[in-house]
Amino acid sequence: MRWQSPSVIASADTSRLDEGTMTVRVRFAPSPTGFLHLGGARTALFNWLYARRHGGTFILRIEDTDVERNKQEAAEAILEGMAWLGMETDEGPFWQSDRGALYREKIQELLASGHAYKCYATKGELDQMREELQAKGLKPLYDRRWRDRTDHPEDTPFVIRFKMPIDGDRTLADAVKGDVTFAYKELDDWIIARSDGSPTYNFVVVVDDIDMRISHVIRGDDHLTNTFKQAPLYEAFGKPLPVFGHVPKVAGLSKRLGSPSVQRYRDELGFVREGVINYLSRLGWSHGDQEIFSTEELVAAFDLEGVSSSPGAFDIDKMTWVNEHWLRALDPADVAQRIAPRMGIKPDARLAAIVEILQPRSSTLVDMAAQAKMFYRDDIELDEKAAKKWLKVSTGPHFDELIPKLTALASWDRASIGAVFEAFCEAHELKLGKIAQPTRVAVTGGSVSPGLFETVELLGRDACLPRLAAARAWIAAREAAQ
RNA sequence: GGCCCGUUCGUCUAGGGGUUAGGACGCCGGCCUCUCACGCCGGUAACAGGGGUUCAAAUCCCCUACGGGCUACCA
């Protein structure tokens, strides 16, 4: 509980620091300028987990005030991505574009209470002021020239600025970063409403967070300094500060290409949601040495103290490993449901059985679907290298003996099939490999596949017997050519 | 430039005065074995640098370097 240092309590709402009694209300507030990428998904996840952990409320707010840059399909993709990951929202989505009346009302309130004022300085005037300050090597902050003026020019455009404290320090107890101190002289009276009357980002965030009674603001650490602009605003409204937790952003998510959407990880790369959730949760958060977490385990274990204060890098190899784990842990019938659409078929018991033998050797659904296709082909092509190596003339007699026995099998199941091969090996004092590999090549065309007996079983009698006969013919042809 | 935040194996991280600095991914080697995988066993590899404080520093303090953020009538 590093945020409970005495110097800090004085500036924050102490009642909210008591985990036992407070009501947790958190939010994820994306701006719909792009799709939901992994970084955003992680921020959403931390909030969602925190809410679930504490029996709180998870709120979704779409920050679409910048009409120019917003795209409807982006907002929909964000919603869809969150739904896929299983992060259901308790309230919302709320759209900031619907909330203009509230913002206008709050701006008037601040004007009336004297916490904000109209600034009639023109853009040119401001530019000149900044240039002069910079020429003197000073920080280009607004000089508050209209803060205390009482005259109001007619027909002159104005912006509305918030009266920030002029000096002094502020220490905020960040739940992730610890105590952070900032000097007010670094900040100026920032604009809360533009000359067209529209409210600015830092203002609407606070209005909304107050209105939605947000108790914990868990967001990217690019907002850390914004927090010091926002804090006095809470006080101007006479409201307590929420607990802030600034999470370091994820590094290494391909900047040039833009980071891929979660949908791409799902659709093109074939990751399962359990794997994505598990990987994302562990990127920048840890719980001892544990690597594998089900969503339920995450809900039980997640806390802000385990969040690292330094940024982590995205690593596709580790994400793939986590995904492999979940792909194997999932019920085969469930996985069959997930890969069937990728293969253009309907899931059934046979596909589930195929999934089961592919689970230990698949990294992703894409990978698994590709391997499963082998079981749905009408014919095969013998791999030349494999055939040359394993379909030796000497194996001809082996096939002659095995084919009738397999043909005579009453039940085409892996145990019965295995028994045929084992009896054969015992009778001839051969290692299983001597006959398993030639058979594998005969029925699959290549030298790599899941276990032979399962493969033969699932390929089915109708596929295997003709293929064995064809391989026998191939050997005969080879013999004749010698 | 100013301010804020950060820096433990290649990567994710544990550890917060006394540890052979632990785990995981990756990589390498071995075992298992009908192939490929899975699994199991083992190996590789880190406290950014410099000063302090201390009997003792990866852990506390300061400086430097590097990385990131903020510094808009963007969000």
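Values below: every heavy atom of this structure, side chains too, minus hydrogens, waters and symmetry copies. Lettering of chains follows the sequences in order, A, B, ..., and the numbering in each one begins at 1.
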Practice task
Using a heavy-atom cut-off of under 4.0 Å over every strand shown, decide if A/Gly284 touches base, sugar-phosphate, or nothing.
Solution key: sugar-phosphate
Problem - Out of B/U35, B/A24, B/C38, whichever nucleotide has its closest atom nearest the side chain of A/Lys318 - result: B/A24
Handout entry: Basic-acidic side-chain contact under 4.0 Å: A/Asp211, A/Arg99
Key = yes
Handout entry: Closest listed nucleotide, where the reference is the side chain of A/Arg194 and the choices are B/G1, B/C36, B/C73
Key = B/C73
Handout entry: B/C3 pairs with, by Watson-Crick or G-U criteria that keep both distances under 3.5 Å
Key = B/G69
Exercise for the section: Salt-bridge test for A/Asp189 and A/Lys163: reply yes if a basic N is under 4.0 Å from a carboxylate O, no otherwise. Expected result: no
Practice task
Taking only the side-chain heavy atoms of A/Val159 (C-beta and beyond), determine which of B/C12, B/G6, B/C73 contains the nearest atom.
Solution key: B/C73
Problem - Base partner of B/A14, which must satisfy Watson-Crick or wobble distances under 3.5 Å - result: none
Problem - Watson-Crick or G-U wobble mate for B/U59, both contacts under 3.5 Å - result: none
Exercise for the section: Report which part of the nucleic acid A/Pro248 touches: base, sugar-phosphate, or nothing (heavy-atom distance under 4.0 Å, all strands). Expected result: nothing
Problem - Nucleotide nearest A/Asp222 (side chain, heavy atoms from C-beta), chosen from B/G69, B/C25, B/C73 - result: B/G69
Handout entry: Close side-chain approach of A/Ile62 to A/Phe94, heavy-atom, < 4.5 Å
Key = no
Practice task
Before giving the answer on salt bridge (Lys or Arg N to Asp or Glu O under 4.0 Å), spell out for A/Arg144 and A/Asp188 the whole-Å C-alpha distance, their side-chain angles and the decisive distance to 0.1 Å.
Solution key: CA-CA 8 Å; A/Arg144 309 185 210 249; A/Asp188 60 10; over 6 Å; no
Practice task
Identify which one of A/Val205, A/Leu224, A/Val26 satisfies the side chain to side chain contact (heavy atoms under 4.5 Å, CB included) criterion when paired with A/Arg219.
Solution key: A/Val205
Fill in the blank from the handout: Re B/A48: Watson-Crick or G-U wobble partner, both distances kept under 3.5 Å, found to be B/U64
Exercise for the section: Have a look at A/Ser310 and say if it touches a base, only the backbone sugar-phosphate, or nothing, with a 4.0 Å heavy-atom cut-off. Expected result: sugar-phosphate
Handout entry: Salt-bridge criterion met for A/Asp222 and A/Lys249 (N-O under 4.0 Å)
Key = no
Practice task
May I ask you to say what A/His246 touches in the nucleic acid, namely base, sugar-phosphate or nothing, with a heavy-atom cut-off under 4.0 Å?
Solution key: nothing
Practice task
Just call it for A/Leu283: base, sugar-phosphate, or nothing, with non-hydrogen atoms closer than 4.0 Å on any strand.
Solution key: sugar-phosphate
Practice task
Please work out if A/Arg130 contacts a base, only the sugar-phosphate, or nothing of the nucleic acid, heavy-atom cut-off 4.0 Å.
Solution key: sugar-phosphate
Practice task
Kindly confirm or rule out a cation-pi arrangement of A/Arg161 over A/Tyr142, judged by NZ or CZ under 6.0 Å from the six-membered ring centre and within 45° of its axis?
Solution key: yes
Practice task
Please indicate whether A/Asp196 has more than 12 foreign heavy atoms, meaning atoms of other residues, nucleotides or ligands, lying under 6.0 Å from its CG.
Solution key: yes
Handout entry: Distance, P atom - from B/U64 to B/C5, rounded to whole angstrom
Key = 15 Å
Problem - Minimum-distance nucleotide to A/Phe182 side chain [options: B/G68, B/C3, B/U13] - result: B/C3
Completion exercise
Value for CD (A/Gln128) from CG (A/Leu133), rounded to nearest 0.5 Å, stands at 10.5 Å
Completion exercise
The nucleotide from B/C34, B/C4, B/G23 with an atom nearest the side chain of A/Val180 is B/C4
Practice task
Could you work out which one of B/C70, B/G2, B/G26 sits closest to the side chain of A/Glu186?
Solution key: B/G2
Handout entry: B/G39 - base-pair partner by Watson-Crick or wobble geometry, distances under 3.5 Å
Key = B/C31
Exercise for the section: Could you tell me whether A/Asn202 contacts a base, only the sugar-phosphate backbone, or nothing, with contacts defined as non-hydrogen atoms closer than 4.0 Å? Expected result: base
Practice task
Using the P atoms only, state how far B/G67 lies from B/A57, rounded to an integer number of Å.
Solution key: 30 Å
Could I get a table of every N or O pair under 3.5 Å where one atom is in the protein and the other is in nucleotides 59-62 of chain B?
none

Practice task
Could you work out the separation of B/U59 and B/G16 based on their C1' atoms and round it to a whole Å?
Solution key: 5 Å
Problem - A/Lys388 atom NZ, neighbour heavy-atom count above 12 within 6.0 Å - result: no
Practice task
Looking at every strand, decide which applies to A/Glu291 at a 4.0 Å heavy-atom threshold: base, sugar-phosphate, or nothing.
Solution key: base
Exercise for the section: Kindly indicate whether the side chain of A/Ser195 and the base of B/C73 share any N or O donor-acceptor pair separated by less than 3.5 Å? Expected result: yes
Problem - Inter-nucleotide C1' distance (B/C4, B/A21), Å rounded - result: 31 Å
Handout entry: Nearest to side-chain heavy atoms of A/Lys177, which nucleotide of B/C3, B/C5, B/G26
Key = B/C5
Exercise for the section: For A/Ser286, report the nucleic acid contact type (base, sugar-phosphate, nothing); a contact means any heavy atom under 4.0 Å. Expected result: sugar-phosphate
Exercise for the section: Kindly say whether, by distance alone, the side chain of A/Asp221 makes a donor-acceptor pair under 3.5 Å with the base of B/G69? Expected result: no
Problem - From B/G6, B/G1, B/A75, nucleotide with atom closest to A/Lys139 side chain - result: B/G1
Handout entry: Candidate nucleotides B/G1, B/C36, B/C38, ranked by approach to the side chain of A/Arg361 - the nearest
Key = B/C36
Practice task
Select base, sugar-phosphate, or nothing to describe what A/Asp188 touches, counting heavy atoms under 4.0 Å on all strands.
Solution key: nothing
Exercise for the section: Could you tell me whether A/Thr181 contacts a base, only the sugar-phosphate backbone, or nothing, with contacts defined as non-hydrogen atoms closer than 4.0 Å? Expected result: sugar-phosphate
